[in-house]
Amino acid sequence: MAKLKFGTIEENVMTRQEFPLKKAQEVLKDEVIAVLGYGVQGPGQALNLKDNGFNVIVGQRKGSKTWDKAVEDGWIPGKTLFELEEAAEKGTILQYLLSDAGQIAQWETVKKHLTPGKALYFSHGFGITYSDQTGIVPPKDVDVILVAPKGSGTSLRRLFVNGSGLNSSYAIHQDATGKALERCLALGIGVGSGYLFETNFRKEVYSDLTGERGSLMGAIQGLFAAQYDLLRSKGHSPSEAFNETVEEATQSLYPLVAENGMDWMYANCSTTAQRGALDWWKKFRDAVKPVFEELYDSVETGNEAKLTITANEKEDYRVELEKELRELKDSEMWQAGAAVRKLRPENA
Ligand SMILES: NC(=O)C1=CN([C@@H]2O[C@H](COP(=O)(O)OP(=O)(O)OC[C@H]3O[C@@H](n4cnc5c(N)ncnc54)[C@H](O)[C@@H]3O)[C@@H](O)[C@H]2O)C=CC1
Ligand SMILES: CC(=O)[C@](C)(O)C(=O)O
Ligand SMILES: [Mg+2]
Ligand SMILES: [Mg+2]
């Protein structure tokens with residue numbers, strides 16, 4: 001494995017150069033990969049694997065919206081698309097890509113088909129790490145592996161189609177066959193990962209839950225909302241507040257950060273902006289640090305898992321979720337955003 005320096009620390013990572021697609025195809029040539037679930041990760045991973053030449057079937061509830069989506073995507077009922085249980089029976093590698101709550105609900109069904117030598121694959125450390133809450137304890141004679149793409153399944157597919165890739169972490173929880181690692185890495189390459197970095201199930205879920213509640217999703221909305229509301233309360237127009245809070249970030253400045261780092265983005269702004277940003281960033285860091293401490297604690301104690309499981313178990317969960325998403329969508333900030341997006345030259 002390649003040893004690469006990240007900051008001041010050296011890590012073992014797996015790259016496509018070291019584990020080429022040809023090798024992945026060789027490792028998995030006799031396997032039937034059953035992708036169980038066709039929500040967000042399911043389509044991304046299943047289609048990438050198929051296009052990379054692997055033997056893939058999809059398992060999904062018949063009569064569901066996502067069954068129809070699978071058909072639209074070219075999966076053929078009775079040939080490459082089956083009910084969950086039938087796919088679990090046929091697969092030698094079961095990619096468990098139901099929602100984390102769905103994984104709990106279907107566990108007894110899936111477990112029945114985890115016969116010796118099969119592999120159970122996750123894209124999240126949730127089910128295994130919080131097994132006291134999920135009841136997910138795999139039989140000892142199967143491999144239990146993880147490849148967790150660090151981003152949406154939608155991006156996993158888009159980047160693959162563009163010839164790029166999304167980085168993923170990988171982990172081995174159980175090696176029953178002696179081949180868990182090569183199976184895991186081959187799947188990681190097969191689903192279209194950029195590079196793969198090692199983790200364990202616990203670290204994956206702790207960092208993932210922190211990241212999505214924090215700077216990736218929760219904190220960023222909180223930060224945007226705080227600044228937008230402040231500007232509006234001081235008499236700035238929605239156009240001004242939205243452009244100065246979100247549009248400039250996503251359209252102009254974040255792409256520069258992605259390309260070459262924060263200092264590079266700063267260097268491409270005025271010296272006035274640089275002076276101010278350098279003066280203020282530590283104050284913001286210190287202000288949110290206690291919230292991050294509280295968040296990590298809530299993840300570590302299993303409280304976040306409990307909240308998620310309890311919420312997801314409710315009959316009307318999807319309806320409630322949509323209501324909350326609509327509340328975001330209908331807020332003045334994101335309504336202003338919709339208007340601003342419409343005015344982008346490419347949309348006009
Ligand atoms: N959404 C994403 O892009 C990412 C998801 N993950 C992980 O990947 C896994 C799958 O996540 P998503 O694709 O977001 O899932 P999702 O919420 O889109 O649901 C996936 C599928 O589960 C099925 N399902 C839900 N409850 C069920 C039940 N009780 N019985 C039968 N089927 C049921 C749905 O029909 C759907 O096809 C999770 O472990 C998640 O944490 C990891 C990285 C990113
Ligand atoms: C996209 C991703 O990796 C998340 C945010 O952790 C998730 O969807 O769970
Ligand atoms: Mg994630
Ligand atoms: Mg996540």
Side-chain angles (χ1 to χ4, degrees), residues 34-48 58-73 75 81-88 94-110 120-131 134-136 144-160 166-171 187-188 191-194 199 201 203-221 295 299 304-305 307-309 311-318 321-322 325:
V35 173
L36 307 179
Y38 208 72
V40 184
Q41 277 298 317
Q45 297 196 25
L47 291 170
N48 290 359
V58 169
Q60 182 53 41
R61 279 182 295 195
K62 218 180 224 159
S64 63
K65 260 196 280 179
T66 40
W67 173 280
D68 297 340
K69 178 175 162 33
V71 173
E72 270 166 40
D73 285 352
W75 303 98
L81 175 61
F82 302 93
E83 283 281 356
L84 276 176
E85 178 155 13
E86 202 178 345
L94 307 189
Q95 293 201 177
Y96 210 15
L97 298 181
L98 300 182
S99 67
D100 294 307
Q103 291 175 22
I104 301 174
Q106 297 297 326
W107 176 240
E108 289 308 320
T109 306
V110 168
L120 177 62
Y121 163 113
F122 292 89
S123 285
H124 202 13
F126 194 99
I128 295 288
T129 303
Y130 300 114
S131 62
T134 65
I136 297 178
V144 181
I145 59 186
L146 169 145
V147 173
K150 295 289 116 187
S152 169
T154 306
S155 321
L156 182 71
R157 180 64 182 163
R158 283 186 190 168
L159 289 168
F160 175 84
L166 193 66
N167 301 326
S168 303
S169 58
Y170 73 90
L187 289 162
V191 300
S193 303
T199 187
F201 278 58
K203 284 188 171 151
E204 194 286 328
V205 71
Y206 286 7
S207 58
D208 191 82
L209 295 180
T210 301
E212 67 203 16
R213 282 155 179 71
S215 65
L216 302 175
M217 295 170 68
I220 203 68
Q221 163 63 17
L295 166 57
V299 167
E304 290 303 304
L307 291 170
T308 301
I309 293 168
N312 274 281
E313 272 167 353
K314 298 210 173 97
E315 262 315 308
D316 59 349
Y317 178 63
R318 284 273 160 195
L321 196 60
E322 261 153 43
L325 291 178

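Side-chain atoms are counted along with the backbone in the values below, which use heavy atoms only and exclude waters and symmetry mates. Positions are given from 1 along the sequence. This structure is a prediction, so every number in the text was calculated from the model and none was measured. Both ligands and their constituent atoms are indexed starting at 1 by order of listing.
No hydrogens or angles considered: a donor-acceptor pair under 3.5 Å links the side chains of D73 and Y38. Under the 3.5 Å distance criterion, with hydrogens and angles disregarded, a donor-acceptor pair is assigned to the side chains of S168 and S193.
Under the 3.5 Å distance criterion, the side-chain polar atoms of Q41 are left unmatched by any main-chain donor or acceptor of L97. The main-chain N or O of G39 is never found under 3.5 Å from a side-chain atom of T66 such that the two would form a donor-acceptor pair.
Of all atoms in ligand 1, listed by their number and element, those nearer than 4.0 Å to a heavy atom of R318 are 17 (O). For ligand 1 and Q106, the ligand atoms under 4.0 Å from any heavy atom of the residue are 28 (C), 30 (N), 31 (C). When each atom of ligand 2 is checked for a heavy atom of S152 under 4.0 Å away, the hits are 1 (C). Taking a cut-off of under 4.0 Å to the non-hydrogen atoms of H124, the atoms of ligand 1 that pass are 39 (O), 41 (O). Each of the atoms 26 (N), 27 (C), 28 (C), 29 (N) of ligand 1 lies under 4.0 Å from some heavy atom of G102. Within ligand 1, the atoms closer than 4.0 Å to a non-hydrogen atom of Q60 are 35 (O), 37 (O), numbered from 1 in the order shown. Heavy-atom contacts of M217 reach the following atoms of ligand 2: 5 (C) (cutoff under 4.0 Å). Using a 4.0 Å cut-off to heavy atoms of G39, the atoms of ligand 1 that qualify are 18 (O), 20 (C), 21 (C), 36 (C), 37 (O). The ligand atoms of ligand 1 that sit less than 4.0 angstrom from a heavy atom of D100 are 38 (C), 39 (O), 40 (C), 41 (O). Heavy-atom proximity to L84, at under 4.0 Å, picks out these atoms of ligand 1: 31 (C).
A distance of 6.0 Å separates CD of E304 from CG of L295, quoted to the nearest 0.5 Å. In this structure, the separation between OH on Y96 and CH2 on W107 is 6.5 Å, given to the nearest 0.5 Å. The CZ atom of R157 sits 13.5 Å away from the CG atom of L166 when rounded to the nearest 0.5 Å. Distance check: Q95 CD to I145 CD1 gives 8.0 Å after rounding to the nearest 0.5 Å. Note that CD1 of I128 and CG of L146 are 9.5 Å apart. Values are rounded to the nearest 0.5 Å.
Using a 4.0 Å cutoff on heavy atoms, G44 does not count as a contact of ligand 1. Contact annotation: F126 has no heavy atom less than 4.0 Å from any atom of ligand 1. Note on ligand 1: A148 sits outside its first shell, no heavy atom being nearer than 4.0 Å. Contact analysis leaves K150 out of contact with ligand 1, as no non-hydrogen atom separation drops below 4.0 angstrom. The closest approach between any non-hydrogen atom of D208 and ligand 2 is below 4.0 Å.
Heavy-atom proximity to atom 17 (O) of ligand 1, evaluated over G127, S99, A70, is greatest for S99.
For ligand 2, one of its N or O atoms has an N or O atom of E212 under 3.5 Å away. Polar contact check, G42 against ligand 1: no nitrogen or oxygen pair lies under 3.5 Å apart. Between P149 and ligand 1, not a single N/O pair is under 3.5 Å apart. Between K150 and ligand 2, no N or O atom pair is found at a separation short of 3.5 Å.
Among heteroatoms of the N, O or S kind in E212, OE1 lies nearest the Mg ion (ligand 4). Within D208, OD2 is the N, O or S atom that lies nearest to the Mg ion (ligand 4).
Counting only heavy atoms of the protein, atom 7 (C) of ligand 1 lies nearest to S123 O, 4.0 Å. When only non-hydrogen protein atoms are considered, atom 1 (N) of ligand 1 lies nearest to V40 CB, 3.5 Å. Closest to atom 44 (C) of ligand 1 among all protein heavy atoms lies Q41 NE2, 3.2 Å. Looking only at protein heavy atoms, the nearest one to atom 33 (C) of ligand 1 is R61 NH2, 3.3 Å. Residue, atom and distance of the protein heavy atom nearest to atom 29 (N) of ligand 1 are A105 CB, 3.6 Å. For atom 3 (O) of ligand 2, the nearest protein heavy atom (residue, atom name, distance) is G151 N, 3.6 Å. From the protein, the heavy atom lying nearest to atom 11 (O) of ligand 1 is L98 O, 4.2 Å.
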Derivation of the side chain to side chain contact (heavy atoms under 4.5 Å, CB included) call for E204 and F122: CA-CA 11 Å; E204 194 286 328; F122 292 89; over 6 Å; no
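The proximity of T66 to ligand 1, defined as any non-hydrogen pair under 4.0 Å, is limited to the side chain. When heavy-atom distances to ligand 2 are checked against a 4.0 Å cut-off, H124 has no atom that comes that close, whether in backbone or side chain.
Of all non-hydrogen atoms in A101 and N312, the two that sit nearest each other are CB-CB, 3.3 Å. Residues A171 and T199 share a closest heavy-atom pair of CB-O, 3.2 Å. The nearest pair of heavy atoms linking G59 to A87 is CA-CB, 3.5 Å.
Side-chain contact between D208 and K150: present, with at least one pair of heavy atoms (C-beta onward) separated by less than 4.5 Å. Annotation: side chain of V110 is not in contact with side chain of L84 (no heavy-atom distance under 4.5 Å). Residues V144 and F201 have side chains in contact (heavy-atom distance under 4.5 Å, counting atoms from C-beta outward).
Shown here are the side-chain hydrogen bond (donor to acceptor under 3.5 Å, both in side chains) partners of S123, two or more places apart in sequence or in another chain: Q45.
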